[in-house]
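Computed from a prediction, not measured in an experiment: that's the story for all the values here. Note that these values count all heavy atoms, side chains included, but never hydrogens, waters or copies made by symmetry.
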Amino acid sequence: MYISQISAYIPENVVSNQYFEQINGLTEDWIVERTGIRERRKLSENENTNTLAIKAVEKLVEQRAFCPDLIVGGTYTPYDTIHTLAHSVQNYLNISDIPVLSISTACSSFLNAMEVVEGYFASNKATNALVVLADHNTFFSNDEDKVAGHLWGDGAVAMLVSKEKPIHKAMRVLGIRTGGAGNIGKAKEGVFLRTYGEGFKMPFGKDVFLNACQYMAKATKDLLSLHQYDIDEVDFFVPHQANLRITKNVAETLGLPFEKVLSNIEYLGNTGCAGSAIALCEHFERFENQNMIAVTVFGGGYSYGSMLLRVEI
């Protein structure tokens with residue numbers, strides 16, 4: 001299958017590190033040293049996860065007309081758990097009688113959504129899917145939280161995924177490998193979002209950090225080995241955009257030079273399950289024929305995964 005079109009929406013409102021210094025005393029140097037983040041984007045008060053997703057789809061519509069026979073949404077910050085992100089997109093497109101579902105596996109939702117599409121294609125229940133990823137992190141986070149309040153940004157991505165190769169430039173999915181490590185370490189409480197309780201919290205950030213580094217590298221190595229590729233064959237590496245120190249650690253573990261790494265956390269913050277897909281969108285024009293791209297993710301609850309892409313023109 002192929003990612004045949006991709007678009008992203010980033011809110012206009014910029015929140016700098018200076019804002020957090022004013023409200024909780026965390027300095028620019030302190031935040032950058034520990035996270036790599038210099039600024040992040042925030043939705044306006046009259047927007048929500050569903051409107052965020054629709055704006056990414058609007059950008060996709062501007063590129064080329066399409067009519068999906070499957071819609072899969074991914075988010076862990078839903079505006080409505082009944083009329084979900086995916087159903088909101090269906091309403092916007094005014095398409096009837098197709099499968100529509102939303103999933104949540106924290107920041108791994110991107111790759112699990114792609115696996116859902118893969119399954120529909122394999123069972124001949126769909127041929128052209130719309131995958132929409134959006135997280136409205138700033139709505140649930142507490143800016144005064146000195147542990148994690150400064151990490152989060154908002155963003156969304158929309159992708160058309162086709163079973164057959166399109167006539168234009170696309171990214172072929174060579175393989176996807178996902179897993180769950182919810183039974184280890186502090187997976188139950190390392191990072192959580194309880195909408196009717198404490199909200200967004202990360203009480204065990206060190207455990208999250210260590211496991212993210214381990215599982216993102218492991219998933220990438222395992223997938224490359226499964227498909228008999230060497231790390232040297234990877235032209236671009238797109239990790240989950242959670243922390244620049246995690247990114248550097250995983251790249252070093254894999255033996256990848258940092259110039260192959262695509263990162264946007266410096267100016268977007270942690271945009272959740274949309275982050276790595278946003279990076280793919282940002283750099284799509286620079287990808288050349290036969291470039292191999294490795295994507296790896298890790299989420300709260302300790303979900304993880306990796307995907308290999310090959311650019312075909």
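- A donor atom on one side chain and an acceptor atom on the other are not found under 3.5 Å apart for Ser162 and Asn128.
- The cluster map of Ile, Leu, Val, Met, Phe, Trp and Tyr, joined by side-chain heavy atoms under 4.5 Å apart, puts Ile6 and Leu309 in the same cluster.
- Side-chain contact, Ser303 with Thr105: no donor N or O sits under 3.5 Å from an acceptor N or O.
- Scored by the ring pair (Phe, Tyr, Trp, His ring centres under 6.0 Å) test, Phe20 finds no partners at all (sequence neighbours excluded).
- Using a distance-only test at 3.5 Å, with no hydrogens or angles considered, a donor-acceptor pair links the side chain of Ser109 to the main chain of Ala106.
- Rounded to the nearest 0.5 angstrom, Leu193 CG and Met202 CE are separated by 11.0 Å.
- Under the rule for a side chain to side chain donor-acceptor pair (under 3.5 Å), the partners of Asn137 that lie at least two apart in sequence or sit in another chain are Tyr76.
- Under the side chain to side chain donor-acceptor pair (under 3.5 Å) criterion, Asp80 pairs with no residue, sequence neighbours left out.
- Asn243 pairs by the side chain to side chain donor-acceptor pair (under 3.5 Å) definition with nothing, not counting sequence neighbours.
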Tell me which donor-acceptor pairs under 3.5 Å the side chains of residues 230-237 have, and how far apart each pair is, sequence neighbours excluded?
from	atom 1	to	atom 2	distance (Å)
Glu233	OE2	Asp230	N	2.8
Asp235	OD2	Met292	N	2.8

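- Tyr304 meets the ring pair (Phe, Tyr, Trp, His ring centres under 6.0 Å) test with Tyr215; sequence neighbours excluded.
- Partner Asn17 forms a side chain to side chain donor-acceptor pair (under 3.5 Å) with one of Arg40, His150, Glu39 and no other, that one being Arg40.
- Side-chain polar atoms of Asn46 and Ser44 form a donor-acceptor pair below 3.5 angstrom.
- Counting side-chain heavy-atom gaps under 4.5 Å among Ile, Leu, Val, Met, Phe, Trp and Tyr, the cluster of Leu160 also holds Ile54, Val57, Leu60, Val61, Phe66, Ile71, Leu85, Val89, Tyr92, Leu93, Ile95, Ile98, Val100, Leu130, Val132.
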Report the C-alpha separation of Arg245 and Glu33 in whole Å, then their side-chain angles, then the decisive distance to 0.1 Å, and conclude whether the salt bridge (Lys or Arg N to Asp or Glu O under 4.0 Å) test is met.
CA-CA 9 Å; Arg245 289 193 299 140; Glu33 179 184 351; over 6 Å; no
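- Residue pairs meeting the salt bridge (charged side-chain N to carboxylate O under 4.0 Å, His left out) criterion with at least one partner in residues 195-221, sequence neighbours excluded, are Arg194-Glu198, Lys218-Asp222.
- Among residues two or more places apart in sequence or in another chain, the side chain to side chain donor-acceptor pair (under 3.5 Å) test is passed with Tyr229 by none.
- Side-chain atoms of Asn249 and Glu252 form no donor-acceptor pair, as typed in the model, at a separation below 3.5 Å.
- Residue pairs that meet the salt bridge (charged side-chain N to carboxylate O under 4.0 Å, His left out) test with at least one member in residues 63-79, sequence neighbours left out, do not exist here.
- A donor-acceptor contact closer than 3.5 angstrom is absent between the side chains of Gln241 and Thr271.
- The hydrophobic cluster containing Ile3 also contains Val297, counting ILVMFWY residues as joined when their side-chain heavy atoms lie under 4.5 angstrom apart, directly or transitively.
- Cluster annotation: Val261 is not connected to Phe284 through the hydrophobic network of ILVMFWY side chains, with a link wherever side-chain heavy atoms come within less than 4.5 Å.
- Sorted by first and then second residue, the pairs that involve residues 293-313 and meet salt bridge (charged side-chain N to carboxylate O under 4.0 Å, His left out), not counting sequence neighbours, are Arg172-Glu312.
- In this structure, the side-chain contact (heavy atoms from CB on, under 4.5 Å) partners of Glu266, at least two apart in sequence or on a different chain, are Leu244, Ser263.
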